[in-house]
Number of protein chains: 2
Amino acid sequence: MISSRFAVAVHILSLLDINKEGRNTSEYIAGSVNTNPVVIRRTMSLLNKAGLIHSSPGVAGATLARPTNEITLLDVYRAVQAGVQDELFSIHDNPNPQCVVGKNIQSTLEQNFAKAQNAMEQELAGITLKQVTSDLLHEETSS
Amino acid sequence: MISSRFAVAVHILSLLDINKEGRNTSEYIAGSVNTNPVVIRRTMSLLNKAGLIHSSPGVAGATLARPTNEITLLDVYRAVQAGVQDELFSIHDNPNPQCVVGKNIQSTLEQNFAKAQNAMEQELAGITLKQVTSDLLHEETSS
DNA sequence: TATGCTGTAACAATTATAGTTACATAGAAA
DNA sequence: TTTCTATGTAACTATAATTGTTACAGCATA
């Protein structure tokens, strides 16, 4: 299961956009996400490293580094997954090379799993932060 | 990250097809996968419950319950994921309902994540066990 | 200079996974 | 019928990722 870090990251970015007049400190954002400020700072650190936001020590808050229509959910996904595991599916190690199946299963699975992962990522690539925040505000007015 | 149980399950099913003349005990399969027989039996238990294979106590081995072109990777995925978490993406709990973002983020994310998960699953649905075993044998002859 | 915030280390608690031993029970084979 | 073998499952361990938490160094600004 994909960590809620991803969901939290989208939450943070949405807030930075919608509340762009505010200060958006990690404590304030934590109040909206309902978690500890350090969780927010950790996630923002990843978003910063990925070039999606600007933030720096000592300076309260953060700002989006790009227009909302140039930030896709795939960008966010990769930012927060970076370094963990970039393969969505895991494949067992060291199957028996003396067995036809064992010898070839890894490469076969890699290819098929890559297709599935790619389909998922392309769907994320088609959704921008702009659409997300627009959805958020729209649900608000329609409720 | 999706558990290697899925990869192991595909390995097992491939072996049942390719080695359909053999006895295919959990011990034999474990030798091909390179793991403990109990890991195989646990996974086979899930495949059995999902109706993908036939196996029973006391009787050595297992057999496919359906033709290989009627078993898709999505069937296998669902069989081994059953009960764990059927949502691919997790969403943080209890965001602040007094914040526009906090109030609506969950439903917005749910919708978008469902699209991505669906794209992935449809890709898996398009791949049959028949294709997988055909790939396996094909790689064998071409290497 | 005093304050407030970020960035990050360090640790705990929780959860899923993967491997392992053990054994009850069902069927096969002698 | 008795013996043997294999499945199904419980129980336990080890490992890893995640999430929350406390603590604090260092920067920026009022």
Side-chain angles (χ1 to χ4, degrees), chain A residues 1-9 11-12 16 22-31 33-50 53-63 65 77 79-95, chain B residues 1-9 11-12 16 22-31 33-50 53-63 65 77 79-95:
Chain A
M1 197 173 193
I2 290 160
S3 156
S4 69
R5 240 192 337 266
F6 180 31
V8 170
H11 188 140
I12 293 170
L16 292 184
R23 276 171 79 249
N24 296 313
T25 63
S26 62
E27 190 161 0
Y28 173 76
I29 299 175
V33 172
N34 190 27
T35 184
N36 191 289
V38 175
V39 172
I40 302 300
R41 296 205 288 271
R42 265 201 298 242
T43 305
M44 299 221 312
S45 173
L46 293 170
L47 296 173
N48 193 30
K49 275 166 190 153
I53 66 174
H54 292 307
S55 72
S56 43
V59 183
T63 54
Y77 176 73
V80 299
Q81 283 300 104
V84 188
Q85 286 288 17
D86 55 6
E87 301 299 333
L88 181 60
F89 298 89
S90 30
I91 299 178
H92 52 296
D93 298 320
N94 309 315
Chain B
M1 196 174 191
I2 291 160
S3 155
S4 69
R5 238 191 342 262
F6 181 31
V8 170
H11 188 140
I12 293 170
L16 292 185
R23 275 172 79 252
N24 296 314
T25 64
S26 62
E27 191 162 0
Y28 172 76
I29 300 176
V33 172
N34 191 25
T35 184
N36 190 289
V38 175
V39 172
I40 301 300
R41 296 205 287 272
R42 263 200 299 242
T43 305
M44 298 222 311
S45 173
L46 294 170
L47 296 173
N48 193 30
K49 276 165 191 155
I53 65 174
H54 292 307
S55 73
S56 44
V59 183
T63 54
Y77 176 74
V80 299
Q81 284 299 105
V84 188
Q85 284 289 18
D86 55 7
E87 301 298 335
L88 181 59
F89 298 90
S90 29
I91 298 179
H92 52 295
D93 298 319
N94 309 315

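Residue numbers begin at 1 in each chain, while the letters A, B, ... track the order of the sequences.
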A:V8 and A:T35: CA distance, side-chain angles, deciding distance, side-chain contact (heavy atoms from CB on, under 4.5 Å) verdict: CA-CA 10 Å; A:V8 170; A:T35 184; 5.5 Å; no
Interface limits on DNA chain D, where chain A has a heavy atom under 4.0 Å of a nucleotide atom: D:dT18 to D:dA28
Residues that A:R42 engages under side chain to side chain donor-acceptor pair (under 3.5 Å), provided they are two or more places apart: none
Partner residues of B:S45 under the side chain to side chain donor-acceptor pair (under 3.5 Å) criterion, sequence neighbours left out: B:K49
Any donor-acceptor pair under 3.5 Å from A:S4 side chain to B:I91 backbone: no
Among all residues two or more places apart in sequence or in another chain, which pass the side-chain contact (heavy atoms from CB on, under 4.5 Å) test with [X]?
X     : value
A:R5  : A:S3, A:T43, A:L46, A:V80, A:Q81, A:V84
B:A60 : B:R23, B:T25
A:A65 : A:H54
A:N24 : A:L15, A:L16, A:N19, A:Y28, A:I29

Where A:F6 and A:Y77 come nearest, the two heavy atoms and their spacing: CE1-N, 3.4 Å
Flag side-chain contact, heavy atom, 4.5 Å: B:H92 against A:N34: no
Spacing between A:N36 atom CG and C:dA12 atom P, to the nearest angstrom: 17 Å
Give me the distances for all protein-to-nucleotides 5-8 of chain C N/O pairs that come in under 3.5 Å?
unit_1, atom_1, unit_2, atom_2, d
C:dC5, OP1, A:R23, NH2, 3.2
C:dT6, OP1, A:S26, N, 3.2
C:dT6, OP1, A:G61, N, 3.2
C:dT6, OP2, A:S26, N, 3.4
C:dT6, OP2, A:S26, OG, 2.8
C:dT6, O4', A:G58, N, 3.4
C:dG7, OP1, A:S55, O, 3.4
C:dG7, OP1, A:S55, OG, 2.8
C:dG7, N7, A:R41, NE, 2.8
C:dG7, O6, A:R41, NH2, 2.9
C:dT8, OP2, A:S45, OG, 3.0

Under 3.5 Å, which N/O atoms of the protein pair with N/O atoms of nucleotides 14-17 of chain C?
unit_1, atom_1, unit_2, atom_2, d
C:dT17, OP1, B:R5, NH2, 3.2

